[in-house]
Asks: 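For reference, the structure I am asking about is given below.
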Amino acid sequence: MAPQRDRRPGFSRRAQYGLFLGYVAAAAGALIAAALLLLSTFHPAGFAAARGVVREGTAPVSLGLRHVRDFLASGPAAVAEHFQTASDNRRLLAQRKQDEALVQRARLLVRENARLRRLLEVRELPVEAVATARLVSSSASSTRRYAVLAAGYHQGVRSGQPVRGPEGLLGRVVETSANTARVVLLTDPDSVIPVRRTRDGLPAIASGRGDGFVDVRSANVANAPFLAGDIFVTSGIGGIYPPGIPVARVLQNARDTATSRVFAQPDRSDFALVLRTFLPPLPPPAAFPAPAASPVPAPAPDAVP
């Protein structure tokens, strides 16, 4: 009968090396964790700089992995689309004639809308874009909700600038490095945004919950009713966020506070638009009435000699 193999590491040089390297890795990890903890506690600015360096190094890797994931995920869809192209073409050709009348009506409505705007002298505030960047990553399971953009201060991105996606507002920039930026999302617990309801202009506040949703509560009316499907957009009050950007939709009827789902989902958006910080226009200066001129006294009559 063959003797049992002794599995103690003292009888295997490879096992000894593996055990030694394990101890070294554990000790190095503990030292690095302690150093980062001390740095974040006593020198937050240095910790932010170190985090920016790490983000600069990991952003290309994350971007490459996202490209690979998108390529693999698009394979079955491309095959299915190949077989559906012929039927889709026939259907679109048949629908084209039906859409021509709708297109003509839409053009008439656009011209009529432009004419009414000129009559009402409507002035829209321009929104200037700073950069268009790819969303590298976003946190989906943590209570703190952040995203990373592939654009930094070299592209003109600065802290405090709002960020929006194709569906609506994503959040605002809180930290920048050379070619990356950190964005706090709407659903983060520290996010508070002034909004208004589209159907009646009710002012409200949208605050993040940390679970992918936001709470919307009235800003000046106690126990204001919220209906399922109510849409809220940015109001522009207080600056930072330009007015009119879609924010969230109410899920169910509620009073005072309503749980709402945000329109912009970072995990479904590939690109984001960084906007310049919005500054509300200053009110015109008040016109003060001019002081009344004091009456000039009449000259005294000459004395008679």
Asks: Please report the closest heavy-atom contact between R144 and P189, naming both atoms and the distance.
Replies: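 Minimum heavy-atom contact is NE-CD, 4.2 Å.
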
Asks: Applying the side chain to side chain contact (heavy atoms under 4.5 Å, CB included) criterion to R196, which one of L202, V247, V233 satisfies it?
Replies: V233

Asks: Would a 4.5 Å heavy-atom cut-off, applied to side chains only, mark T132 and L273 as touching?
Replies: yes

Asks: Looking at residues at least two apart in the chain, or sitting in another chain, which of them share a salt bridge (Lys or Arg N to Asp or Glu O under 4.0 Å) with R66?
Replies: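 If we apply the salt bridge (Lys or Arg N to Asp or Glu O under 4.0 Å) test to R66, skipping adjacent residues, the hits are D270.
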
Asks: Any side-chain heavy atom of T234 sitting closer than 4.5 Å to one from F278?
Replies: no

Asks: At their closest point, which heavy atom of E56 faces which heavy atom of S177, and how far apart are they?
Replies: OE2-OG, 2.7 Å

Asks: With a 4.0 Å cut-off on N to O distance, would you call E167 and R268 a salt bridge?
Replies: no

Asks: For A224 and S218, work out which heavy atoms get closest and say how close.
Replies: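 What the structure gives for the nearest pair is CB-CB, 3.6 Å.
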
Asks: On a heavy-atom basis, which atom in V183 and which in G171 lie closest, and how many Å separate them?
Replies: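 The answer is CG1-C, 4.1 Å.
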
Asks: Got P203 and N220 here, is their nearest side-chain heavy-atom distance under 4.5 Å?
Replies: yes

Asks: Within a strict 4.5 Å, meaning less than it, do heavy atoms of the T180 and V136 side chains meet?
Replies: no

Asks: Please write out which residues are connected to I205 in a hydrophobic cluster, directly or through intermediates, given that two of Ile, Leu, Val, Met, Phe, Trp, Tyr count as joined at side-chain heavy-atom separations below 4.5 angstrom.
Replies: V192

Asks: Are any non-hydrogen side-chain atoms of Y241 and V195 less than 4.5 angstrom apart?
Replies: no

Asks: For the pair S139 (side chain) and Y146 (backbone), establish whether a donor and an acceptor sit closer than 3.5 Å, ignoring hydrogens and angles.
Replies: yes

Asks: Crowded around R197 CZ? As in, over 12 foreign heavy atoms under 6.0 Å?
Replies: yes

Asks: If you count every heavy atom of other residues, nucleotides or ligands that lies below 6.0 Å from R199 atom CZ, does the total exceed 12?
Replies: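 Enclosed.
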
Asks: Are any non-hydrogen side-chain atoms of I245 and L275 less than 4.5 angstrom apart?
Replies: yes

Asks: Do R158 and V173 touch side chain to side chain, with heavy atoms closer than 4.5 Å?
Replies: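 No - every pair of side-chain heavy atoms lies 4.5 Å or more apart.
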
Asks: Which atom names give the shortest non-hydrogen contact between V216 and S260, and what distance separates them?
Replies: CG2-OG, 3.4 Å

Asks: Looking at every heavy atom in both G156 and Q161, which two are closest together, and how far apart are they?
Replies: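 Taking G156 first and Q161 second, the nearest heavy atoms are O-NE2, 3.7 Å.
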
Asks: Is the positively charged end of R261 above the ring of F213, judged by distance under 6.0 angstrom from the centroid and angle within 45° of the axis?
Replies: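 No.
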
Asks: Checking R209 side chain against T187 main chain: does a donor-acceptor pair fall under 3.5 Å?
Replies: no

Asks: Evaluate the side-chain proximity of L170 to L135: yes if any heavy-atom separation is below 4.5 Å, no if none is.
Replies: yes

